[in-house]
Number of protein chains: 2
Amino acid sequence: MTAPAPRRSTKQREAVREALEASDEFVSAQALHQAMRAEGSTVGLATVYRALAALAEDGEADALQSAGELLYRACTKTHHHHLICRSCGRTVELEAAAVERWAGQVAAAHGFIEPDHVVDIFGLCAECAAARSGSAR
Amino acid sequence: MTAPAPRRSTKQREAVREALEASDEFVSAQALHQAMRAEGSTVGLATVYRALAALAEDGEADALQSAGELLYRACTKTHHHHLICRSCGRTVELEAAAVERWAGQVAAAHGFIEPDHVVDIFGLCAECAAARSGSAR
DNA sequence: GCCTTAGTGAGAACGATTGTCAATCTCGGC
DNA sequence: GCCGAGATTGACAATCGTTCTCACTAAGGC
C-alpha cells in the first residue's frame, strides 16, 4: 500500500493544477478541460481526468460527487469539510474538530474501525439568497 | 412547490418498495433490478429507476452516491445519517441532533440559508474487521 | 545525446442513467 | 361492473460522464 508511485512532473499536470487553483469553487473535469482549451491549452480530456485523480490521490485536491458528476477543488491538505453554495458554487472550508470526534465515537460505539466520513453542508450563500428574493419566486 | 404529484399505486412500485425493504443495506438500482428479475418479476430497469426516484422523493428511501453509482435504501422517514460498513455494506441509522445544530450554526455564521447537509460515516464493522485480521496479510 | 518508460492525446469503449413511445393498467365516474 | 382519460410500464435507443486503448512524445537517469 502507499506504493512508491513514480510521478513525473509534466507541463500538462502543472497546467491542470494551476487551472484548478484558479477557481475557488468545485469544478467538474469537463468544465476544467473546456476552460483550459479556451485558454489555448491543447490538453486532452483524458489527461485532465488523470491529473485530477492524481491530485486528489496526493491530497492536493478534494473531490466530491454532485448530481452524478465528479467535482474537484484545490484545497488545503489538512482534513476539513465544506460549506457549499448550491447556486453559485462558492465554497468555504470548515474545520470541525467536534464533528471529527463525534464521528469517531459513534463509529467506535458500533464496533466500527477505520472510520472515515463525509460531511458537507449545502446552502444558499448570502448573495444568491438576496439575488433570489430580489427576482423572487 | 410540493406539487400534488398524482402518484398511482401499482404492482411494480410496490414490488420495488418490497425488494428495497428486504435489504438492509444500500443497493444499486441495477442490483435491485437483477434481484427482482431473479425472483421472477418482469419489471423493467427503467421502472426500477423511476420507482426508486419516486421513493426517494417521497422520503421513503435514502439515496447516496458511492463509486459513481446511486445507491438506495429503505429508511425511516425522520432525518438521520448513516454509519456504513465499506466492506459488507451493513448500515446503521444515526441520530445526531448535535451535528444538525452544528451544521445550522456554521451555515448561518457564513450567511448561508436553507442549509442542507450530507453526513455519512464509513468504516469497517466489527465482523469485517475480524474477518480481515483473520485472513490477514 | 541516448534509452527507458511514464505520460499524453484522440477517439473508441464502457456503464449508469434517462428519454421515447406504443401498449397496459389505475382510478374515478357512470 | 364498465368506460375512458391519462398515468405507468417495458423494451430499447440515446445520452452523458468517465475510463480504456494505443501509437506517439517527452521526462529523467545514464
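Lettering follows sequence order; numbering is per chain, from 1.
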**Q** Applying ring pair (Phe, Tyr, Trp, His ring centres under 6.0 Å), can you list everything that pairs with B:Phe26, at least two apart in sequence or on another chain?
**A** B:His82
**Q** Between the axis at one end of the helix from C:dG1-D:dC30 to C:dC30-D:dG1 and the axis at the other (five pairs apiece), what's the angle to 10 degrees?
**A** 40°
**Q** Ignoring backbone atoms, establish whether B:Lys11 has a side-chain N or O less than 4.0 Å from OP1 or OP2 of C:dT26.
**A** yes
**Q** In this structure, how many angstroms lie between the P atom of D:dT25 and the CZ atom of A:Arg8, rounded?
**A** 16 Å
**Q** Tell me the closest heavy-atom pair linking B:Gly44 and B:His33, and the distance in Å.
**A** C-NE2, 3.7 Å
**Q** Grab the CD-P distance between A:Glu14 and D:dA26 for me, whole Å please.
**A** 17 Å
**Q** Rounded to the nearest angstrom, tell me the gap between atom CG in A:Leu70 and atom C1' in C:dG15.
**A** 14 Å
**Q** Determine all donor-acceptor pairs shorter than 3.5 Å in which one atom belongs to a side chain in residues 16-23 of chain B; sequence neighbours excluded.
**A**
| unit_1 | atom_1 | unit_2 | atom_2 | d |
| --- | --- | --- | --- | --- |
| B:Arg17 | NE | B:Glu14 | OE2 | 3.3 |
| B:Arg17 | NH1 | B:Glu60 | OE1 | 2.3 |
| B:Arg17 | NH1 | B:Glu60 | OE2 | 3.4 |
| B:Ser23 | OG | B:Glu25 | N | 3.1 |
| B:Ser23 | OG | B:Glu25 | O | 3.2 |

**Q** Test: salt bridge (charged side-chain N to carboxylate O under 4.0 Å, His left out). Region: residues 117-129 of chain B. Which pairs qualify, not counting sequence neighbours?
**A** B:Arg90-B:Glu127
**Q** Can you tell me the distance, in whole Å, between the CG atom of B:Leu52 and the P atom of C:dT17?
**A** 10 Å
**Q** Is there any salt bridge (charged side-chain N to carboxylate O under 4.0 Å, His left out) pair reaching into residues 99-118 of chain B, and which pairs are they, with sequence neighbours excluded?
**A** A:Arg86-B:Glu114, A:Arg132-B:Glu114
**Q** According to a strict under-4.0 Å criterion, is B:Tyr49 in side-chain N/O contact with OP1 or OP2 of C:dT17?
**A** yes
**Q** Who clusters with A:Val106? Use side-chain heavy atoms, under 4.5 angstrom, across I, L, V, M, F, W and Y, and order the result by chain and number.
**A** A:Leu83, A:Val92, A:Leu94, A:Val99, A:Trp102, A:Phe112, A:Val119, A:Ile121, B:Leu83, B:Val92, B:Leu94, B:Val99, B:Trp102, B:Val106, B:Phe112, B:Val119, B:Ile121
**Q** From CG of A:Leu71 over to P of D:dG17, roughly how many Å is that when rounded to an integer?
**A** 11 Å
**Q** Go through the structure and list residues passing ring pair (Phe, Tyr, Trp, His ring centres under 6.0 Å) with B:His117, not counting sequence neighbours.
**A** B:His79, B:His81
**Q** Tell me: CD of A:Glu69 to C1' of C:dT17, nearest whole Å?
**A** 13 Å
**Q** If only atom types and distance count, is the side chain of A:Arg37 paired as donor or acceptor with the main-chain N or O of A:Val43 below 3.5 Å?
**A** yes
**Q** Heavy atoms within less than 4.0 Å of DNA chain C: which residues of residues 21-35 of chain A have one? Give them sorted by number.
**A** none
**Q** Please write out each protein N/O paired with an N/O of nucleotides 9-12 of chain C under 3.5 Å, distance rounded to 0.1 Å.
**A**
| unit_1 | atom_1 | unit_2 | atom_2 | d |
| --- | --- | --- | --- | --- |
| C:dG9 | OP1 | A:Gln12 | NE2 | 3.3 |
| C:dG9 | OP2 | A:Gly44 | N | 3.0 |
| C:dG9 | OP2 | A:Thr47 | OG1 | 2.7 |
| C:dG9 | N7 | A:Arg50 | NH2 | 2.9 |
| C:dA10 | OP2 | A:Arg37 | NH2 | 2.8 |

**Q** If the condition is side chain to side chain donor-acceptor pair (under 3.5 Å), which residues does A:Thr76 pass it with, not counting sequence neighbours?
**A** A:His80, A:Glu93
**Q** Considering only Ile, Leu, Val, Met, Phe, Trp and Tyr, and joining two whenever side-chain heavy atoms are under 4.5 Å apart, list the other residues clustered with A:Tyr49.
**A** A:Leu45
**Q** Output the rounded distance in Å from OH (B:Tyr72) to P (C:dA16).
**A** 14 Å
**Q** Would you please confirm or rule out a distance under 4.0 Å between OP1 or OP2 of C:dT8 and any side-chain N or O of A:Thr10?
**A** yes
**Q** Could you tell me which residues satisfy side-chain contact (heavy atoms from CB on, under 4.5 Å) with A:Thr47, sequence neighbours excluded, listed by chain and number?
**A** A:Gln12, A:Arg50
**Q** Does B:Arg13 put a side-chain nitrogen or oxygen below 4.0 Å from OP1 or OP2 of D:dT9?
**A** yes
